[in-house]
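See below for the structure under consideration.
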2 protein chains.
Amino acid sequence: MSALTSAIDILRCFSTSRPDLSFADVQALTGKPKSSTSRLLRSLRDCGLLEQDPNSRRYRPGLLTFELGRLHRAHDDLIATAERELREVCTRTGHTGYIAVLDGYQQVVLRIVPGSNPLRVVNPPGQRTPAIITSNGRAMLARLSDAEIRARVPLDYPKVPANSPQNFEQLIARLNEIRRTGVSDAADEAIEGVGSQGFALANGETGELIGIAISYSVQATTEIERAIVRRELGAMAEKLRRMTGDPLGQPVELRAGLAS
Amino acid sequence: MSALTSAIDILRCFSTSRPDLSFADVQALTGKPKSSTSRLLRSLRDCGLLEQDPNSRRYRPGLLTFELGRLHRAHDDLIATAERELREVCTRTGHTGYIAVLDGYQQVVLRIVPGSNPLRVVNPPGQRTPAIITSNGRAMLARLSDAEIRARVPLDYPKVPANSPQNFEQLIARLNEIRRTGVSDAADEAIEGVGSQGFALANGETGELIGIAISYSVQATTEIERAIVRRELGAMAEKLRRMTGDPLGQPVELRAGLAS
DNA sequence: CCTTCAGTTCCAAATTTCGGAACATGGTGC
DNA sequence: GCACCATGTTCCGAAATTTGGAACTGAAGG
């Protein structure tokens, strides 16, 4: 294992639920000997990837990660376009919008568009969630081949909420339904009482894949309102797919033509 | 040079002005042989610190930096407190507020509070600027010992705008004035036609240092208006220094007492 | 004074990294 | 079709770094 790999292993210990760690935390989480942990933490601190609170001596991501994180948005083309459209839909419907990307079998929230409805934002940007328990996460997975999905989902299928697919077969069934209907939704999964609908958008040139969702309180919305969201999302998906050259946006004959 | 150091050297090549780099760019900027560059870029990409645009093959900061950057705010106590106060002053005065930290002889913008005045925000968060050419940067430097300042400023004094201190002696003179009057300002330095006033705030326990500034168009403000800003900033500094236990906020006798 | 906890330093062995050179790969002009 | 150039990647032995156990330090607590 290279020095860089070990360093990354340490960095990956930090998360929204564990934004700062003590020496002992890091040692426990990485399972490395004290000496290695000590040296590595010092290097990371010295180079700015980590900071150490002079008081509590705990470590947290440093100034350099802040600077680099700010640059990440270069990603823009696809995301910015999607965000603009999403923003419009959110002001129209009052619900909260999310844009996320896939990383392994998890998704990471990139952008949030708060709605006017009083549903607190529960997933700040940077938040990680298993993609199999969200509407946009499953929409993204549905765009991958079954083989690729199998490679991403851990062999030891994760423990998920009751409403989510409980095993690999259920997951594939659910993804097939998304592929067939083009609609993905979720209710009472990641968060009790919260539902969402989502779709996946791919950049036609790069294949870059993002998931877009609108979430709302299940109790506080009627079936009619949710149908409106579905229509809005459908229109948005169609428009964005044309704009970004997403192959799913192409009529079937044309797609067939491209494949040859 | 360790693998981690080389990796950081590459990461530090990215900046707001250069948010993505080609293989050749990285090689030129780091001055390393092709083979090393190739291996290192691959590692960085594989671990998520960098992403590669599949189309242009250019590299940019990756998802991991985004996630970690989101966690950086742990810094909070001092910055969040300052930001709240700054926000109030900015709505009152209509000008734009900045919070930055020192890194070597440069400062990095952490937070921006846009004012209502139509002065476009020119320094987004993450932006690096030599601290010697900004009001809050110099205010932070003024809190350090001359020896420490000398250690931070490059021996080869950087090229700076006409209104900024042109050499180390001028810089020290200017910092002494800040120490004496407690006031730091700048005009037509980092950006033509833009002026600012700032101060530095230290956390009494940790010694953590941040710089707070309000910036405005020099042409579009009167001397009276700038005096108002000075007064607002003075009041804010005093209040924040009490709140955060900044030693500068303590009356002299008390400070003398603490030193014993 | 002894013990524990938290972390650092030391050292020889083991693993990585290093950079030059040879080897792909993909356009471009002739 | 072919030489040619720009980009990158892979290979290899030498050289440097990393590794982890153990000894060490320093502070806190009983």
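Numbered from 1 within each chain, the chains take letters A, B, ... in sequence-line order. Note that the structure is a prediction, hence the values are computed from the model and not measured. Keep in mind that the numbers below use all heavy atoms, side chains included, and drop hydrogens, waters and symmetry copies.
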Set of residues satisfying salt bridge (charged side-chain N to carboxylate O under 4.0 Å, His left out) with respect to B:R45, sequence neighbours excluded: none

Salt bridge (charged side-chain N to carboxylate O under 4.0 Å, His left out) involving A:E85 - partner list, sequence neighbours excluded: A:K239

DNA chain C contacts made by residues 5-15 of chain B, counting heavy atoms under 4.0 Å: B:S6

Partner residues of [X] under the side-chain hydrogen bond (donor to acceptor under 3.5 Å, both in side chains) criterion, sequence neighbours left out:
{"X": "B:T129", "result": "none"}
{"X": "B:T81", "result": "none"}
{"X": "A:S184", "result": "none"}

Five-pair end axes of the helix from C:dC1-D:dG30 to C:dC30-D:dG1 and the angle they enclose, rounded to 10°: 30°

Side chain to side chain donor-acceptor pair (under 3.5 Å) pairs, two or more places apart, involving residues 143-156 of chain A: A:R143-A:D246, A:D146-A:R179

Summary of side chain to side chain donor-acceptor pair (under 3.5 Å) pairs that have at least one residue in residues 31-43 of chain A, sequence neighbours excluded: none

Annotated protein contacts, base or backbone, on nucleotides 7-13 of chain D with a non-hydrogen cut-off under 4.0 Å, one of B, S, - each: -BBB---

Sequence neighbours excluded, every pair satisfying salt bridge (Lys or Arg N to Asp or Glu O under 4.0 Å) that has a member inside residues 4-15 of chain B: none

B:A7: side chain to side chain contact (heavy atoms under 4.5 Å, CB included) partners, not counting sequence neighbours: A:L4, B:L44

